[in-house]
Amino acid sequence: MRLTTLFLLFAFASFASFAQKTSYSVLVYTKNGPGYVHDNIPSAVAAVQKLGSENHFKVDVSADPVVFEEQNLAKYKVIIFTSTNNDVFDTDAQRVAFRRYIEAGGGFVGVHSVTGTERKWGWFKSMVGETFSWHAKFQPFSVINISPAHPSLQGVPLKWTKEDECYFGFELYPGIQTLMMHDVTTLDQSQKDLITKHKGVYGDYFPAVWTQHFQGGHIWVTTLGHAKENYQEPTYLNHLLQGINYIAGQVRKIDYSKAFSTGKDDGVRF
């Protein structure tokens, strides 16, 4: 009896340990289309892998768009595009598979230049929340946390002064909830004309980090994270971890019975 009890306790402990180590899975996708490719991508991948190891989620990494197939994507609570740029899919079938994953309740985290991804695909741009237009030169500037009570901003400074590229965009989707904003007044004013041009109607502040629930899916985007060194900085790593954890917590089940698209350019449903 005692051996049986010990065996059951050992089995339970092993199962609990395994479950803790694999609480959910994420896919980090890194493919870039023709054009500029960030040198931070290997650092970002290593950072997410380390965060996964320390925080009990499994991390798969790929730059191959063949991973965008419904059965494969169903394994993941979160798909992370880290500093992707330009066209990152090879076929429209892959685009539809990604779109249906979002409609099925999937999670998406976009990092830094993700707003410059798939610039000719209207649905993707709405899902991300904006399209990249320009960034100010790499420099110290301030980012303001305007939603400190939001679950994805735990431990994020109220005013975060860091070296980065201040991203601007256009085609902003009205459904996004801005969580952090660039303080445009803290930028080097030697680029004042370009800053004025690209900030548009936003005045002294421009969205930097946002979230939205879009077509069944759950989206979180940060435009921060240009430098390789960011992916070793505790403040930035916490920022990224909070975004991943928040989206993973929003995803209950990947349910393709809720997906409705058959083409990449099917209309948005409300």
Side-chain angles (χ1 to χ4, degrees), residues 78-85 102 106-119 122-136 139-187 194-226 230 235-251 268 270:
V78 186
I79 297 175
I80 303 170
F81 279 30
T82 182
S83 289
T84 52
N85 195 21
I102 295 296
F108 179 82
V109 167
V111 181
H112 192 49
S113 63
V114 68
T115 59
T117 305
E118 291 288 325
R119 303 182 200 202
W123 179 91
F124 187 92
K125 294 185 289 185
S126 294
M127 185 276 300
V128 168
E130 76 170 32
T131 306
F132 171 79
S133 62
W134 176 77
H135 66 73
Q139 62 183 287
F141 64 97
S142 295
V143 186
I144 300 173
N145 177 352
I146 61 172
S147 298
H150 193 271
S152 72
L153 295 184
Q154 296 178 39
V156 176
L158 294 178
K159 185 177 182 180
W160 186 4
T161 299
K162 70 186 300 293
E163 281 192 300
D164 216 312
E165 291 177 336
C166 178
Y167 266 42
F168 295 91
F170 65 107
E171 298 181 305
L172 272 75
Y173 185 74
I176 66 171
Q177 175 191 356
T178 300
L179 303 175
M180 303 186 74
M181 61 187 184
H182 302 304
D183 183 348
V184 176
T185 67
T186 63
L187 290 170
L194 284 168
I195 292 168
T196 299
K197 174 184 176 181
H198 288 278
K199 72 181 183 180
V201 299
Y202 276 90
D204 290 338
Y205 306 103
F206 201 91
V209 180
W210 58 85
T211 189
Q212 68 167 322
H213 300 293
F214 181 78
Q215 300 291 278
H218 312 281
I219 317 301
W220 186 89
V221 172
T222 178
T223 61
L224 305 173
H226 173 73
N230 286 167
T235 302
Y236 185 82
L237 289 174
N238 173 68
H239 172 54
L240 186 56
L241 175 63
Q242 296 305 325
I244 295 169
N245 275 340
Y246 168 67
I247 292 299
Q250 298 297 300
V251 177
V268 174
F270 299 100

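Values below: every heavy atom of this structure, side chains too, minus hydrogens, waters and symmetry copies. Quick caveat, the model's predicted, so the values are computed rather than measured.
- Considering NE2 of His150 and CH2 of Trp210, their distance stands at 14.0 Å, rounded to 0.5 Å.
- To the nearest 0.5 Å, the span separating CG on Leu240 from CH2 on Trp220 amounts to 6.0 Å.
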Between Arg119 and Asn85, is a side chain to side chain contact (heavy atoms under 4.5 Å, CB included) present by the stated rule, with each step listed? CA-CA 9 Å; Arg119 303 182 200 202; Asn85 195 21; 2.8 Å; yes
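- Residue Gln212 holds its CD atom at 11.5 Å from NE2 of His218, rounded to the nearest 0.5 Å.
- Here the shortest heavy-atom pairing between Val109 and Ile244 reads CG2-CA, 4.1 Å.
- The OG1 atom of Thr211 lies 13.5 Å from the CE atom of Met180; values are rounded to the nearest 0.5 Å.
- Relative ring orientation between His239 and Trp160 is described as perpendicular, the plane-to-plane angle rising above 60° on a 0-90° scale split at 30° and 60°.
- Listed here is the closest heavy atom pair of His198 and Ser133: ND1-OG, 3.2 Å.
- With contacts defined as side-chain heavy-atom distances shorter than 4.5 Å, the pair Asp164/Phe141 qualifies.
- Taking 4.5 Å as the limit, every side-chain heavy atom of His135 sits out of range of all side-chain heavy atoms of Thr223.
- For the pair Thr161 (side chain) and Ser142 (backbone), a donor-acceptor distance under 3.5 Å is absent.
- Note that CZ of Phe206 is 9.0 Å distant from OG1 of Thr178, once rounded to the nearest 0.5 Å.
- Gln250 is listed as a side-chain neighbour of His213, based on a closest heavy-atom distance under 4.5 Å.
- The aromatic rings of Phe108 and Phe124 stand perpendicular to each other, their planes meeting at an angle above 60°, with 30° marking the opposite boundary.
- In this structure the side chain of Leu224 never reaches within 4.5 angstrom of the side chain of Tyr167, judged on heavy atoms.
- Here the closest heavy-atom approach between residue Val78 and residue Ile80 is recorded as CG1-CG1, 3.9 Å.
- Remark: the backbone N or O of Thr117 is not paired with any side-chain donor or acceptor of Thr84 at under 3.5 angstrom.
- Remark: the backbone N or O of Gln154 is paired with a side-chain donor or acceptor of Asn238 at under 3.5 angstrom.
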*Step by step, work out the side chain to side chain contact (heavy atoms under 4.5 Å, CB included) result for Trp123 and Phe214.*
CA-CA 10 Å; Trp123 179 91; Phe214 181 78; 3.5 Å; yes
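- Taking both residues in full, the closest heavy atoms of Gly225 and Tyr236 are given as CA-OH, 3.4 Å, listed atom of the first, atom of the second, then distance.
- Checked by atom type and distance alone, the side chain of Thr115 never pairs as donor or acceptor with a backbone atom of Thr131 at under 3.5 Å.
- Residues Asp204 and Lys199 are in side-chain contact: their nearest non-hydrogen atoms beyond the backbone lie under 4.5 Å apart.
- With hydrogens and angles disregarded, no donor-acceptor distance shorter than 3.5 Å links the side chain of Ser83 to the backbone of His112.
- Annotation for Pro151 and Gln242: closest pair O-OE1, 3.8 Å, computed over non-hydrogen atoms.
- Taking all atoms of both residues into account, the shortest heavy-atom contact from Val251 to Gly106 is CG2-C, 3.9 Å.
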| field | Criterion side chain to side chain contact (heavy atoms under 4.5 Å, CB included) on Tyr173 and Ile219, from CA distance to verdict | value | CA-CA 12 Å; Tyr173 185 74; Ile219 317 301; over 6 Å; no
Practice item. Verify side chain to side chain contact (heavy atoms under 4.5 Å, CB included) between Val221 and Val114, making sure each step is shown before the conclusion. Key: CA-CA 8 Å; Val221 172; Val114 68; 4.0 Å; yes
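- Here the side chain of Ser152 pairs no donor or acceptor atom with the backbone of Tyr246 at under 3.5 angstrom.
- With rounding to the nearest 0.5 Å, the separation of CD1 in Ile247 from CD1 in Ile79 is 12.0 Å.
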